[in-house]
Amino acid sequence: MTEDNHDENKLIAQRREKLTAIREQRVAFPNGFVKEHSSAVLTQQHESKTKEELEELAINATLAGRIIRMRGPFIVIQDGNAQMQIYINNKSFTGEQAEQIKSFDLGDIIGVHGEMFKTGKGELTLRAASFELLTKSLRPLPDKHKGLTDTEMRYRQRYVDLIVNEQSRNIFQTRSRIMRFIRQYFESLDFMEVETPMMQVIPGGATARPFITHHNALDQDMYLRVAPELFLKRLVVGGFDRVFELNRNFRNEGLSTRHNPEFTMLEFYQAYARYQDLMDLTEDLFRRIAIEVGGSSKLSYQGSEYDFAQPFARLSVTDSIKQHCAVEDDSAFASKESVAALANSLDVHFDDSWPRGKILMEIFDQKVEDKLDQPTFITEYPIEVSPLARRNEENPEITDRFELIIGGRELANGFSELNDPEDQAERFKEQVAQKDSGDSEAMHFDHDYVTALEYGMPPTAGEGIGIDRLVMLFTDSASIKDVLLFPHMRPQQDQG
RNA sequence: GGGGCGUUAGCUCAGUCGGUAGAGCAGUUGGCUUUUAACCAAUUGGUCGUGCGUUCGAGUCGCACACGCCCCA
């Protein structure tokens, strides 16, 4: 009860009074208004016509939108991402209607019918012959010039951010366009979109800490998925040779400018392909998205310039460390001891229980990754950190795997899939051993997945692309929260 | 987890050396009525994030906490 008005103020009270007066006179929230036109289309159709031409054509239009500006007899409504000026002089209406116009507030949603014309200053305008208040807005909008700039409020009240900040609307429209384009792209390559469980009994497909939940009827703990990988590969076993899933993953980790506990991942699997094929596909996909979104293969992100028409660099993990850490020869990578010594010399912290490959990747993560600005495929990942990837035929220490780094951030991770069920069982055992020794991110043993592999999975390559980070890249957004409609926030402290 | 910065009117922000809280926008009233961040006149609006402390006196100084942003791990 007291909660209802904890943030009430005079401005809201005045608007509530206006609403009460409306309720006494008519239906306060009418829903039969038929919006026949849009500001965007009207502008596009008539903007180039002269004042005289418009007068002669006497074009009628019926519009609706939110009032975002009031200038004397002129009202600007926002309708989708476009705006239209309305001429609605209260002197040309009488009685209750004139009073209604006077009581309009910024934020109200109105429907208007009238004739299009151009003002003395040449602005395309709708002269209201009739109008109707469709929704009374009870809360004042943010500053009409500066919008809503407080980042916390923009995230917590995204609906307000979207009303007043065009840039924010553009980001989410671009996000939607990217999602649509990705679906079209994979469908054009004969991939099938599928949906696999988000609630899993055995969480798998990535080394990450899962969220735990509980199914009451089954009295069973379940996990929100950290990746769809193992289910998608079961589908490849089943004969769906090209599948993709574009949906949410959940990882019980900290929040940062590039991490949200739930995030969107594209995963796709292609039978009879190798990881090299997916690197080629990824380059092509990124180039096409750039053109789809910005009309050019070139783009600028946080001050860096990228041209996705250029082939991406391809570099092994160890070569990248050699380049960025002044390591002279490969002997530094030869044994766990030499890699540990290298880590120490670079001031990279690690745990002695870690296998060689994990220490190696810690060096990469801390000393190399954020220095890789231009698009780079890093290859030859150590086997210990790649429990689902195919072992390289020449060097059993590494896998046929790559990650794509752009602007110092991991955007994609792909590999030729491990389809040897006995090798997979061994890898799971090693993961369980790591879990037992305290690694909360290590994988569980998934017996059914091994059984699936025992039925036989064709040679396959698969990849995951982090969609939020990809959208950040293509919308020049510094924080993942800027590309998530409702990013995770701590609850606000409740007063009282 | 550690460090830095921030939190003042509905929004955007000032606030000096510790001495009764300021502006623009929005709102209210009136005027104007083809304006363009419309304009003119008058005017309302504050638990200064929360709590404790120092002080005759705290938006301002100290401590703790909450939330947010940035950097580091």
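Protein chains get the first letters and strands the later ones, always in sequence-line order, with residue 1 at the start of each.
In this structure, Q167(A) places its CD atom where only 12 or fewer heavy-atom neighbours from other residues, nucleotides or ligands lie under 6.0 Å away. No more than 12 heavy atoms of other residues, nucleotides or ligands sit less than 6.0 Å from atom CZ of R209(A).
Distances shorter than 4.0 Å separate none of the side-chain N or O atoms of S256(A) from OP1 or OP2 on C71(B). Checking the phosphate oxygens (OP1, OP2) of G31(B), no side-chain nitrogen or oxygen of K91(A) falls inside 4.0 Å. Using a 4.0 Å cut-off, no side-chain N or O of K144(A) falls inside it from OP1 or OP2 of A37(B). A close approach under 4.0 Å does not occur between any side-chain nitrogen or oxygen of R71(A) and OP1 or OP2 of U35(B).
Cation-pi geometry between R127(A) and F117(A) is met: the NZ or CZ atom falls under 6.0 Å from the ring centre, inside 45° of the normal.
Each of D150(A) and L106(A) lies near RNA chain B, and the nucleotide nearest D150(A) is the one positioned closer to the 5' end.
Side-chain atoms of K121(A) lie closest to U35(B) of the nucleotides G68(B), C69(B), U35(B). Of the listed nucleotides (G68(B), U33(B), G27(B)), G68(B) has the atom at the smallest distance from the side chain of R156(A). The listed nucleotides are U35(B), A26(B), C13(B); the one nearest the side chain of T149(A) is C13(B).
Not a single donor-acceptor pair, N or O on each side, falls under 3.5 Å between the base of G10(B) and the side chain of D143(A). In this model, a side-chain donor or acceptor of E123(A) finds a partner on the base of U36(B) within 3.5 Å.
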Inset, instruction - For side-chain hydrogen bond (donor to acceptor under 3.5 Å, both in side chains), just list the numbers for S477(A) and D482(A), CA-CA rounded to whole Å, side-chain angles, deciding distance to a tenth of an Å, and then say yes or no. - result: CA-CA 6 Å; S477(A) 299; D482(A) 293 324; 5.0 Å; no

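The base-pairing partner of A14(B), taking Watson-Crick or G-U wobble contacts with both distances under 3.5 Å, does not exist among the strands shown.
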